[in-house]
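Only one structure is covered here, and it is reproduced in the block below.
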Amino acid sequence: MKLLEVKDLKKNIPEAFVLDGISFEVEEKGIYGFFGKRGAGKTLLASLLCGVCDADSGDIRYKGKSIFASDKQAAQVKRKIGYVPSQIRFPSDMTVAEVLDFTGAAKKVSPDKRARQIKESLDLTGLENKADILVENLTPSEKKRVAYANSLLGNPDVIIIDEPIAMIDVQQREEIKKLISMLGKMKAVLVFCKDPADIEDMCDNVAIISEGRLLVFEPADVITQKLDGNVSALLRVRGKGTDAEKIIEALKNIEQITDVRAGSINAVIFDIKIECSTRDGVSGAVSAAVEDLGAEIVSLKFTELKIGDLMEALSVQKEEE
């Protein structure tokens, strides 16, 4: 049995966000990275999974039981889900320990277990010396780590993290990533993030969301195989009287090039993003195409494709549909 099953989930918030038929399944362990641009619907999906708001249609099943079946069922599921929001808000007149104690009590954790879990969560998040500090006196990075500690109360089966390293100090980011990696070995961790570069190397599974639709949901090694052997390049051209559009059209006719997109363009210099099936022969073919138009190559730099490149390409493809 899958731990979490999402079936044809739809939610429309007029003039704001929309989810359009999201479906996927989550195993009992592993890190699931949900990536998408701002406004793609990531936070809305995270909120639905946590039971913060209701769907217009579709279903979310936890261990085979719908969280929409009854208020009692929804409450039981919420106690088994930990949530780290992107925006951190805690009562300013409570200490860190009081915040965690409140959450533990709300999840119906017994006092003895609650005390132990509070200590463990503080130790894991590097807040062991902050228990008696008022939340209002913490730095933004410390407040974010309180949110991580708070999500661990009740020993949840699922941890949902919206923007994992937002507001985290640079020196603390590796520690938070280690924490996420450790949790992924014991629980299902769903991470929602704008920038794949932050955590893509940690993910067991990768999802890409664009405009409320799930474009990809596959194991990370499958994604890697798809990207393997493909390369992206940044071409910088001095137009010398040739329009960028003409250069782009000429590049599209090169066999090894699979996608061409305009980057920054001014009256003199054009930046053009290229994706290729191979590097072999690309430099010569690009040089010939550009020179035939009377333009001049300033530079051509190749890099291996990353998940962010796939996300960008799929998003552009969807916009053109």
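Values below: every heavy atom of this structure, side chains too, minus hydrogens, waters and symmetry copies. No experiment lies behind these values; they were computed from the predicted model shown.
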Worksheet entry | Within 6.0 angstrom of Gln73 CD, more than 12 heavy atoms from elsewhere | yes
Practice prompt. Given side chain to side chain donor-acceptor pair (under 3.5 Å), test Lys187 with Asn155 step by step and report yes or no.
Written response: CA-CA 10 Å; Lys187 307 173 186 291; Asn155 191 27; 2.7 Å; yes
Worksheet item: Quick one: side chain to side chain donor-acceptor pair (under 3.5 Å) pairs with a partner in residues 39-58, sequence neighbours left out?
Response: Thr43-Asp162
Worksheet item: With no hydrogens and no angle check, do the side chains of Ser66 and Asp59 hold a donor and an acceptor under 3.5 Å apart?
Response: yes
Worksheet item: Quick one: CD1 on Ile248 to CZ on Phe270, what's the gap to the nearest 0.5 Å?
Response: 9.0 Å
Worksheet item: Going through the distances and angles, do Arg236 and Asp271 end up as a salt bridge (Lys or Arg N to Asp or Glu O under 4.0 Å)?
Response: CA-CA 5 Å; Arg236 179 161 288 180; Asp271 283 344; 2.7 Å; yes
Discussion item. I need the Thr103 OG1 to Asp101 CG distance, nearest 0.5 Å.
Written reply: 9.0 Å
Fill in: Neighbour count >12 (heavy atoms, 6.0 Å) for atom NZ, Lys80
yes
Fill in: Student check: side-chain heavy atoms of Glu5 and Ile60 closer than 4.5 Å
no
Item to complete: Sort and list the pairs that fulfil ring pair (Phe, Tyr, Trp, His ring centres under 6.0 Å) and have at least one residue in residues 134-156, not counting sequence neighbours.
Response: none
Item to complete: Check the surroundings of atom CG in Asp71: do more than 12 heavy atoms from other residues, nucleotides or ligands lie under 6.0 Å from it?
Response: no
Discussion item. Taking the side chain as everything from C-beta on, heavy atoms only, tell me whether Arg173 gets closer than 4.5 Å to Ile176.
Written reply: no
Discussion item. Is any side-chain heavy atom of Ile159 closer than 4.5 Å to one of Ile180?
Written reply: no
Fill in: pair Glu27-Lys2: side-chain heavy atoms closer than 4.5 Å
yes
Item to complete: Any chance you could measure Ser86, atom OG, to Lys194, atom NZ, to the nearest 0.5 Å?
Response: 7.5 Å
Worksheet item: Going from OG on Ser121 to CZ on Arg116, what distance comes out if it is rounded to the nearest 0.5 angstrom?
Response: 11.5 Å
Item to complete: Kindly work out whether a path of hydrophobic side-chain contacts (I/L/V/M/F/W/Y, heavy atoms less than 4.5 Å apart) joins Ile133 to Phe102.
Response: yes
Worksheet item: When rounded to the nearest 0.5 angstrom, what distance separates CD in Glu163 from CG in Asp195?
Response: 8.5 Å
Worksheet item: Between Ile297 and Leu235, is any pair of side-chain heavy atoms under 4.5 Å apart?
Response: yes
Item to complete: Check the pair Asp157, Lys63 against salt bridge (Lys or Arg N to Asp or Glu O under 4.0 Å), reporting the backbone distance first and the verdict last.
Response: CA-CA 10 Å; Asp157 296 323; Lys63 293 186 176 180; 3.6 Å; yes
Worksheet item: For the residue pair Thr242 and Ala295, what are the closest heavy atoms and their distance?
Response: OG1-N, 4.2 Å
Discussion item. Check this for me: does any side-chain nitrogen of one of Lys252 and Asp259 sit under 4.0 Å from a carboxylate oxygen of the other?
Written reply: no
Discussion item. Any heavy-atom pair between the side chains of Asn150 and Leu152 that's under 4.5 Å?
Written reply: no
Discussion item. Is it the case that over 12 heavy atoms from other parts of the model lie below 6.0 angstrom from the CG atom of Asp132?
Written reply: no
Discussion item. Can you tell me how far apart CZ (Arg213) and CD1 (Ile209) are? Round to the nearest 0.5 Å.
Written reply: 12.0 Å
Worksheet item: Do Phe192 and Tyr32 have ring centroids that are under 6.0 Å from one another?
Response: no
Worksheet item: Is it the case that one hydrophobic cluster holds both Leu19 and Ile13, taking links as side-chain heavy atoms less than 4.5 Å apart, direct or via other members?
Response: yes
Item to complete: Determine whether more than 12 heavy atoms belonging to other residues, nucleotides or ligands lie under 6.0 Å from atom NZ of Lys273.
Response: no
Discussion item. What I want to find out is whether Glu275 reaches Arg261 closely enough, with some N-O distance under 4.0 Å, to be called a salt bridge.
Written reply: yes
